[in-house]
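Step one of this worksheet: look at the structure below.
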Amino acid sequence: MEQAEQIKLGRTLFEYIDKDEQARSEVPFANPVSDYICRDQADRERKLLFRDHPLILGMTGDLPNPGDFFTNDFAGRPILVVRGKDGKVNAFLNVCRHRGAKLATADLAQGCARTGGSFTCPYHGWAYGLDGRLLGILDADAFGEVDRPARSLRRLAAVERNGFIWVRPGSDEPFDPDTLLNALAPEMAAYGFERYSHYQTRTLRRAMNWKLVIGTFLEGYHIKILHRNSIASMLLGAHTSFDPYGRHVRMAVPRTGFRTLREAPEDEWDVLKHTAVVYALFPNTVLVWQGDHMETWRVYPGATPDESVMHASLYIPEPALTDKATRHWDRNMKILLDTVEHEDFPLGEDMQRGFHSGAQDHLLFGRNEPALAHFHRSVHEALCLQEA
Ligand code: FES
Ligand SMILES: [Fe+2]
């Protein structure tokens with residue numbers, strides 16, 4: 001975040017603290033329960049949001065060197081993302097062009113893998129370059145004249161920009177991440193995430209709709225109740241800001257130490273150090289700036305509307321090279337996982353079951369939950385759904 005923007009945000013948060021207020025929308029928002037359980041809507045989401053729409057599948061720090069790769073099947077198609085010899089990130093369908101075997105396996109949760117400069121299919125040994133070209137066919141005579149360029153790996157559109165690796169799972173139709181990020185692009189660029197190292201990723205599966213997982217992060221209203229014994233003492237959840245950027249959202253929650261900023265003149269304020277900044281990057285990424293590092297939550301639908309799968313990751317400003325650093329970042333990883341695993345997600349799974357009970361047709365988002373309403377409105381708009 002640029003310094004001028006930090007000062008602006010800092011002033012807003014001080015205003016909320018002084019007036020015992022927070023960002024509010026004009027009116028409450030009634031969100032249909034069908035949003036979380038309707039199979040037709042889930043199919044539409046899979047197509048429009050997880051196949052046609054570019055997604056942030058990883059960060060620059062996930063693929064530090066040429067030849068590094070990870071795979072991802074969660075968007076509904078098997079995808080292989082690899083850093084080429086030229087340093088550029090390529091994405092392909094992870095499907096061998098001989099008879100369709102899965103070419104490579106490297107779940108982000110196990111860390112990226114390294115090729116020896118090419119991929120060899122585990123079935124019959126066809127080999128492909130990091131640029132997807134078909135390099136070698138075992139017993140090639142058996143296949144007659146093979147049009148090798150036409151049998152290269154099927155390419156998907158991929159762009160690495162400001163530390164984010166975007167891929168369009170459904171096609172190679174080009175896109176521009178800055179256009180997608182809208183007015184948020186300069187702010188994301190200012191963080192310098194391309195210099196961050198990947199610390200750890202966990203893959204979590206929960207019996208909750210993917211939007212309910214994202215909604216977990218989009219209001220500060222619940223912090224002093226649900227998190228009273230964990231993170232409530234660290235955050236001033238009742239003084240949360242809200243800024244929409246197209247379909248994206250920024251929400252900032254002052255930390256308890258935020259008030260100390262008053263001791264310095266505005267142009268020396270380090271607002272980011274004393275604030276948790278939550279971005280919902282449309283459609284499925286939540287990025288949480290945590291003062292000196294960041295977490296990402298990349299959330300995908302599961303097999304039914306009642307399930308989701310996600311990558312929870314920690315990225316840090318410098319590689320953890322000492323035991324002390326490892327202990328420090330392990331502690332951070334534990335806090336982030338414990339809070340959601342013990343508090344937010346069990347409650348969310350109960351909500352998901354309750355959605356099927358017929359208790360209500362709509363949930364009510366208060367004026368004090370504007371980011372949540374904005375996120376759901378954005379989804380409805382992208383799916384061309386009518387609002388109630
Ligand atoms: S399916 Fe890959 S070499 Fe046969
Ligand atoms: Fe929470």
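Order of listing sets the numbers, starting from 1, for every ligand and every atom in it. In what follows, residues are counted from 1 in the order of the sequence shown. In this text the structure is predicted, and so the values were computed from the model without any measurement. In what follows, every heavy atom counts, from backbone to side chain, and hydrogens, waters and symmetry copies are set aside.
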SB check R206 E341 (cutoff 4.0 Å): yes

Where ligand 1 meets Y123 - atom numbers and elements under 4.0 angstrom, heavy-atom basis: 1 (S), 4 (Fe)

For G125, take its heavy atoms, then give the atoms of ligand 1 lying under 4.0 Å from any of them. 3 (S)

Between D344 and the Fe ion (ligand 2), is there a contact where an N/O/S atom of the residue lies under 2.8 Å from the metal? yes

Are any side-chain N or O atoms of H248 and backbone N or O atoms of L180, one a donor and one an acceptor, separated by less than 3.5 Å? yes

Inspect the surroundings of CZ in R259 and state if more than 12 heavy atoms from other residues, nucleotides or ligands are less than 6.0 Å away. no

So which N/O/S atom does H124 have closest to atom 4 (Fe) of ligand 1? ND1

Show, in sequence, the C-alpha distance, side-chain angles and deciding distance for W269 and H274, and conclude whether the ring pair (Phe, Tyr, Trp, His ring centres under 6.0 Å) test is met. CA-CA 10 Å; W269 279 1; H274 295 289; over 10 Å; no

Answer key: the N, O or S atom of H98 nearest to atom 4 (Fe) of ligand 1 is ND1

Can you tell me which residue and heavy atom of the protein come closest to atom 1 (S) of ligand 1, and the distance to 0.1 Å? R99 N, 3.4 Å

Do R262 and F14 form a cation-pi contact, if we require the NZ or CZ to be under 6.0 Å from the six-membered ring centre and within 45 degrees of the ring's axis? yes

Rounded to 10 degrees, the angle NE2 of H222 makes with NE2 of H227 at the Fe ion (ligand 2): 90°

Proximity of C121 to ligand 1 by residue part, where a heavy atom lies under 4.0 Å: side chain

Between the side chains of Q41 and E45, is a donor N or O closer than 3.5 angstrom to an acceptor N or O? yes

Salt-bridged, R247 to E381, with N to O below 4.0 Å? yes

What atoms of ligand 1 come within less than 4.0 Å of a heavy atom belonging to W126? 3 (S)

Short list, please: which atoms of ligand 1 are under 4.0 Å from a heavy atom of A101? 1 (S)

